[in-house]
Amino acid sequence: MRLLVTGGAGFIGSNFVHQTVRERPDVRVTVLDALTYAGDRTSLAPVADAITLVEGSITDAPLVDRLVGESDLVVHFAAESHNDNSLNDPSPFVQTNVVGTFTLLEAVRKHGTRFHHISTDEVYGDLELDDPAKFTASTPYNPSSPYSSTKAGSDLLVRAWARSFGVQATISNCSNNYGPYQHIEKFIPRQITNLIDGVRPKLYGAGLNVRDWIHVEDHNAAVWSIIDKGRPGETYLIGADGEKNNLEVVRTLLEIFGRDAADFDHVTDRPGHDLRYAIDASTLRDELGWTPRYTDFRDGLEATVAWYRENEAWWRPAKAATEAKYAAVGQ
Ligand SMILES: NC(=O)c1ccc[n+]([C@@H]2O[C@H](COP(=O)([O-])OP(=O)(O)OC[C@H]3O[C@@H](n4cnc5c(N)ncnc54)[C@H](O)[C@@H]3O)[C@@H](O)[C@H]2O)c1
């Protein structure tokens, strides 16, 4: 099978490529990645000899057309993915997430290529903290930020191309991922690398916002289940029942680092910060037989801390600039 992975030098995409090379020797992987600040060639270094990396944008229609024409399957991770950045400058979010997805869809339509679109549970907006409900595939879309609204737009394009043009596409909406190779601008790796540097972790507001955490390996195993057994045209929600508020995450990290539970600082909350996300992944579990491997959040977090400790050369170059960006907005 000839597989094209967009955004394969980013966090989830690079883990997907590693997992695919490790577990599916019959798959020939090509990565298309623009290598923005979030993409890192070195994230693919351990598999560099087994794959082809093409540096380019998913908005480049002739390039996308050529690469899709040479593929049997496209798995589409490429995106601008950081909420805070989308509040500062939404323009690359519209370009990559909406126009880039459109460009890919036109190519898979022309070549009849199977397409899997990676999306987020943030398209559903948020739930009240005391609401027992979870998101399902029929929850109405209600995105809050430029990031989530452009992801919602891309999902709707995929649905329309499946329905109107018969494109063989599936969509997955996953909850918050953690694990190796995640950019240190994101909540968990930022706190881990602060703690490694002896700096107190930083918590948005009171830290009561709830995220449904899933290990990136479990997300990617679910993506392969959908590719193998999913029904074209369907949307699958991916989550591992990992609801934790940000305060709990920070306290668990402090415990892993042997620090006092009160050893953190509060910083100004992000505007429009969603309260709670929670995923009902029963279709994926019942229909496709997927189950997560990382069921103990503390264990998964400990393994992630170990990875950041052992791979300082990977994250150190971005640390000072990332902290300077946060410092400029008082976070
Ligand atoms: N991180 C999460 O918790 C999470 C949860 C659910 C869904 N998702 C979705 O998963 C996907 C991957 O997220 P991530 O956290 O790995 O993001 P990331 O920011 O780490 O990686 C994105 C990758 O896309 C590349 N890219 C950006 N613009 C591009 C363009 N125009 N052309 C080609 N490549 C481009 C970047 O260089 C980078 O390698 C995204 O679609 C995101 O919406 C993420």
Side-chain angles (χ1 to χ4, degrees), residues 4-18 30-44 53-61 63-64 67 74-86 91-104 116-124 135 143 145-155 158 171-190 211-216 218-220 222-223 235-240 242 249 274 277 279 281 304 314-315 318 322:
L4 179 65
V5 180
T6 72
F11 163 44
I12 307 176
S14 63
N15 278 284
F16 181 79
V17 171
H18 288 222
T30 299
V31 168
L32 171 60
D33 199 297
L35 298 177
T36 68
Y37 80 97
D40 192 337
R41 203 180 273 282
T42 63
S43 302
L44 293 169
L53 171 60
V54 177
E55 183 176 350
S57 175
I58 55 167
T59 58
D60 178 343
L63 174 65
V64 164
L67 293 174
V74 177
V75 182
H76 173 34
F77 291 93
E80 285 293 337
S81 70
H82 192 40
N83 265 311
D84 290 340
N85 293 346
S86 80
S91 158
F93 288 75
V94 174
Q95 282 307 315
T96 290
N97 301 358
V98 180
V99 178
T101 302
F102 160 75
T103 307
L104 283 160
H116 182 73
H117 177 64
I118 305 289
S119 192
T120 164
D121 61 353
E122 297 190 31
V123 298
Y124 298 117
F135 299 134
S145 71
Y147 164 61
S148 51
S149 62
T150 53
K151 289 300 293 187
S154 68
D155 292 8
V158 178
I171 299 176
S172 54
N173 296 86
C174 187
S175 59
N176 282 52
N177 285 222
Y178 70 98
Y181 296 106
Q182 185 168 29
H183 195 284
I184 53 165
E185 69 186 353
K186 300 282 170 38
F187 180 61
I188 287 183
R190 185 176 178 217
R211 300 292 176 262
D212 192 349
W213 291 101
I214 181 171
H215 194 279
V216 64
D218 284 332
H219 178 181
N220 286 328
V223 169
T235 292
Y236 295 88
L237 270 65
I238 306 176
V249 174
D274 284 345
Y277 308 134
I279 287 274
T304 306
W314 181 84
W315 58 266
T322 304

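Atoms within each ligand, like the ligands themselves, are counted from 1 in listed order. Heavy-atom basis, side chains included; hydrogens, waters and symmetry copies ignored.
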Check your understanding: Hey, looking at atom 25 (C) of ligand 1, which of T6, L44, D33, N15 has the closest heavy atom?
Key -> D33

Review point. Are any non-hydrogen side-chain atoms of I118 and H219 less than 4.5 angstrom apart?
Key: yes

Exercise for review: Could you tell me which atoms of ligand 1, counted from 1 in the order shown, lie closer than 4.0 angstrom to a heavy atom of G56?
Suggested key: 32 (N), 33 (C)

Check your understanding: Got an N/O contact under 3.5 Å between N177 and ligand 1?
Key -> yes

Check your understanding: Among G179, A34, G10, whose heavy atom sits nearest atom 33 (C) of ligand 1?
Key -> A34

Exercise for review: Would you check the N or O atoms of K186, main chain and side chain alike, for any that come under 3.5 Å of an N or O of ligand 1?
Suggested key: no

Practice item. Consider every N or O of T59 and every N or O of ligand 1, then say whether any pair is closer than 3.5 Å. Key: no

Exercise for review: Return the minimal non-hydrogen interatomic distance between D60 and T103, and the atom names on each side.
Suggested key: C-CG2, 4.4 Å

Point to revise | Sub-3.5 Å N/O-N/O distance, D40 and ligand 1 | key: no

Review point. Could a heavy atom of G100 be found less than 4.0 Å from some atom of ligand 1?
Key: no

Exercise for review: Look only at the side chain of D33 and the backbone of G39, and say whether a donor-acceptor pair between them is shorter than 3.5 Å.
Suggested key: no

Review point. Given H183 and T322, is the side-chain contact (heavy atoms from CB on, under 4.5 Å) satisfied, shown in steps?
Key: CA-CA 10 Å; H183 195 284; T322 304; 3.8 Å; yes

Point to revise | Nearest non-hydrogen protein atom, atom 32 (N) of ligand 1 | key: I58 N, 3.0 Å

Practice item. Mark up the atoms of ligand 1 that fall under 4.0 Å of a heavy atom belonging to I118, in ascending order. Key: 9 (C), 10 (O), 11 (C), 41 (O)

Review point. For ligand 1, which atoms have a heavy atom of N176 less than 4.0 angstrom away?
Key: 3 (O)

Practice item. Would you mind telling me which of I58, L53, V5 makes a side chain to side chain contact (heavy atoms under 4.5 Å, CB included) with L32? Key: I58

Point to revise | Min N/O separation S81 to ligand 1 under 3.5 Å | key: yes

Review point. Using heavy atoms and a threshold below 4.0 Å, how should the contact between H82 and ligand 1 be classified: side chain, backbone, both, or neither?
Key: neither

Review point. Under 3.5 Å, is there a donor-acceptor pair between the S175 and W213 side chains?
Key: no

Review point. Which atoms of ligand 1 sit under 4.0 Å from any heavy atom of F77?
Key: 11 (C), 12 (C), 40 (C), 41 (O)

Check your understanding: Of the protein's non-hydrogen atoms, which lies at the shortest distance from atom 16 (O) of ligand 1, and what is that distance?
Key -> I12 N, 2.8 Å

Exercise for review: Considering non-hydrogen atoms only, spot the tightest contact between A9 and V31 and give its length.
Suggested key: N-CG1, 4.1 Å

Check your understanding: Would you say ligand 1 has an N or O under 3.5 Å from any N or O of T36?
Key -> yes

Check your understanding: In Å and rounded to the nearest 0.5 Å, what is the OG to CZ distance from S43 to F11?
Key -> 10.5 Å

**Study point:** Per-residue contact class, L35 against ligand 1 - non-hydrogen pairs under 4.0 Å
**Key:** backbone

Review point. Taking non-hydrogen atoms only, is P92 closer than 4.0 angstrom to ligand 1 via side chain, backbone, both or neither?
Key: neither

Study note, to complete from the structure: A student checking ligand 1 against C174 at a 4.0 Å heavy-atom cut-off should list atoms 5 (C), 6 (C)

Review point. What protein heavy atom sits nearest atom 7 (C) of ligand 1, and how far off is it?
Key: S119 O, 3.1 Å

Point to revise | T96 (side chain) donor-acceptor with F93 (main chain) under 3.5 angstrom | key: no

**Study point:** Under 4.0 Å to a heavy atom of Y147 - the qualifying atoms of ligand 1, by number
**Key:** 42 (C), 43 (O)

Check your understanding: Using heavy atoms and a threshold below 4.0 Å, how should the contact between S14 and ligand 1 be classified: side chain, backbone, both, or neither?
Key -> neither

Check your understanding: What about F11: any of its N or O atoms under 3.5 Å from an N or O on ligand 1?
Key -> yes

Check your understanding: Under 3.5 Å, is there a donor-acceptor pair between the D274 and Y124 side chains?
Key -> no

Check your understanding: Does K151 have a non-hydrogen atom less than 4.0 Å from ligand 1?
Key -> yes

Review point. Should the pair H215 and Y178 be assigned to parallel (<30°), tilted (30 to 60°) or perpendicular (>60°) ring geometry?
Key: perpendicular

Exercise for review: Measure across G56 and L63 and return the closest heavy-atom pair with its distance rounded to 0.1 Å.
Suggested key: CA-CD2, 3.9 Å

Point to revise | Criterion side-chain hydrogen bond (donor to acceptor under 3.5 Å, both in side chains) on S81 and K151, from CA distance to verdict | key: CA-CA 9 Å; S81 70; K151 289 300 293 187; over 6 Å; no

Check your understanding: S175 heavy atoms, cut-off 4.0 Å: which ligand 1 atoms fall inside?
Key -> 5 (C), 6 (C)

Point to revise | Qualifying residue, where the test is side chain to side chain contact (heavy atoms under 4.5 Å, CB included) with H117 and the options are D155, N173, V74 | key: D155

